[in-house]
Amino acid sequence: QVQLVESGGGLVQAGGSLRLSCAASGRTFSSYVMGWFRQAPGKNREFVAAINRSGGSIYYADSVKGRFTIARDNAKNTVYLQMNSLKPEDTAVYYCAAGAHYYLTTTEDGYDYWGQGTQVTVSS
């Protein structure tokens with residue numbers, strides 16, 4: 001069982017930056033693939049980024065590639081999402097998720113545990 005708690009969301013102007021954090025409970029954090037998803041009002045939840053257990057393999061959605069960076073610190077049981085050059089269309093609730101396997105996946109059903117989400121609002 002893993003509990004995930006996101007933080008770092010807020011209100012930022014377009015072009016600004018935010019760093020989201022997701023702290024995981026338990027001693028097996030390094031056994032999980034970690035992902036970030038987001039859900040904008042009236043839209044389905046969508047994949048943002050994923051990182052494998054060691055941090056050596058990463059995948060991004062095309063919409064955030066070059067602007068967002070996912071990273072993890074297994075010693076701190078934490079995964080991060082650095083978001084730069086934010087756009088109003090990045091406004092959403094951002095969720096982190098943990099998958100009890102070794103492969104990267106972009107689909108929600110590939111993850112076993114989810115955080116409660118943190119709101120990111122980008123004003124124009």
Side-chain angles (χ1 to χ4, degrees):
Q1 187 81 13
V2 176
Q3 291 185 325
L4 304 172
V5 179
E6 302 97 336
S7 62
L11 173 64
V12 64
Q13 289 188 331
S17 298
L18 282 175
R19 188 176 82 153
L20 305 184
S21 299
C22 173
S25 65
R27 293 175 290 181
T28 59
F29 176 73
S30 59
S31 300
Y32 294 90
V33 168
M34 299 300 297
W36 285 96
F37 289 75
R38 66 186 182 186
Q39 186 168 21
K43 295 187 177 181
N44 293 329
R45 190 154 55 183
E46 65 175 5
F47 169 78
V48 175
I51 187 167
N52 73 342
R53 296 182 295 185
S54 69
S57 184
I58 290 171
Y59 190 75
Y60 296 101
D62 288 342
S63 58
V64 306
K65 202 172 296 182
R67 300 187 299 122
F68 289 12
T69 302
I70 188 172
R72 67 188 297 162
D73 186 336
N74 286 342
K76 294 183 179 179
N77 284 10
T78 302
V79 62
Y80 304 96
L81 186 68
Q82 177 67 44
M83 306 186 295
N84 299 329
S85 302
L86 282 162
K87 305 175 182 179
E89 51 264 44
D90 294 318
T91 295
V93 177
Y94 282 71
Y95 300 89
C96 73
H101 49 73
Y102 63 90
Y103 53 88
L104 291 183
T105 179
T106 64
T107 60
E108 291 185 53
D109 60 7
Y111 293 87
D112 305 290
Y113 304 101
W114 293 82
Q116 82 290 347
T118 185
Q119 176 70 47
V120 171
T121 303
V122 184
S123 63
S124 57

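Everything numeric in this text was worked out from a predicted model, so none of it was measured. Note that these values count all heavy atoms, side chains included, but never hydrogens, waters or copies made by symmetry.
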Which heavy-atom pair separates [X] from [Y] by the least distance, and what is that distance?
X: Ala40; Y: Ala92; value: N-CB, 3.7 Å
X: Trp36; Y: Tyr80; value: NE1-O, 3.4 Å
X: Val2; Y: Ala24; value: CG1-CB, 4.0 Å
X: Leu4; Y: Cys22; value: CB-SG, 3.8 Å
X: Met83; Y: Leu20; value: CE-CG, 3.7 Å

- Message: If you count heavy atoms of other groups shown closer than 6.0 angstrom to CD of Gln3, is the number above 12?
- Response: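 No.
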- Message: Are more than 12 heavy atoms, taken from residues, nucleotides or ligands other than Lys43, located less than 6.0 Å from that residue's NZ atom?
- Response: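 No, NZ of Lys43 has 12 or fewer neighbouring heavy atoms, counting only those of other groups under 6.0 Å.
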With a 4.5 Å cut-off on side-chain heavy-atom distances among I, L, V, M, F, W and Y, is there a chain of contacts connecting [X] to [Y]?
X: Ile70; Y: Val33; answer: no
X: Val12; Y: Val48; answer: yes
X: Phe68; Y: Leu18; answer: yes
X: Leu81; Y: Phe47; answer: no

Checking [X] side chain against [Y] main chain: does a donor-acceptor pair fall under 3.5 Å?
X: Glu6; Y: Gly117; result: yes
X: Thr91; Y: Val122; result: yes
X: Asn77; Y: Phe29; result: no
X: Tyr113; Y: Ala100; result: no
X: Arg67; Y: Ser85; result: yes

- Query: Can you find a heavy atom in the side chain of Arg53 that is under 4.5 Å from one in the side chain of Ser30?
  - Reply: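 Side-chain contact under 4.5 Å: no.
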- Query: Just wondering, do Tyr59 and Thr105 contact through their side chains at under 4.5 Å, heavy atoms?
  - Reply: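 The answer is no; the side chains never approach within 4.5 Å.
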Look up atom [atom1] in [X] and atom [atom2] in [Y], then write down how far apart they are to the nearest 0.5 Å.
X: Thr78; Y: Arg72; atom1: OG1; atom2: CZ; value: 10.0 Å
X: Tyr95; Y: Tyr111; atom1: OH; atom2: OH; value: 16.0 Å
X: Cys96; Y: Ile51; atom1: SG; atom2: CD1; value: 12.5 Å
X: Ser124; Y: Lys87; atom1: OG; atom2: NZ; value: 14.0 Å
X: Ile58; Y: Met34; atom1: CD1; atom2: CE; value: 13.0 Å
X: Leu86; Y: Thr121; atom1: CG; atom2: OG1; value: 10.5 Å

- Query: Do the two ring centres, one from Trp114 and one from Phe37, sit under 6.0 Å apart?
  - Reply: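 Judged by ring-centre distance (under 6.0 Å), Trp114 and Phe37 do meet the cut-off.
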- Would Asp90 and Arg38 satisfy side chain to side chain contact (heavy atoms under 4.5 Å, CB included), going step by step from the backbone distance to the final call? CA-CA 9 Å; Asp90 294 318; Arg38 66 186 182 186; 2.9 Å; yes
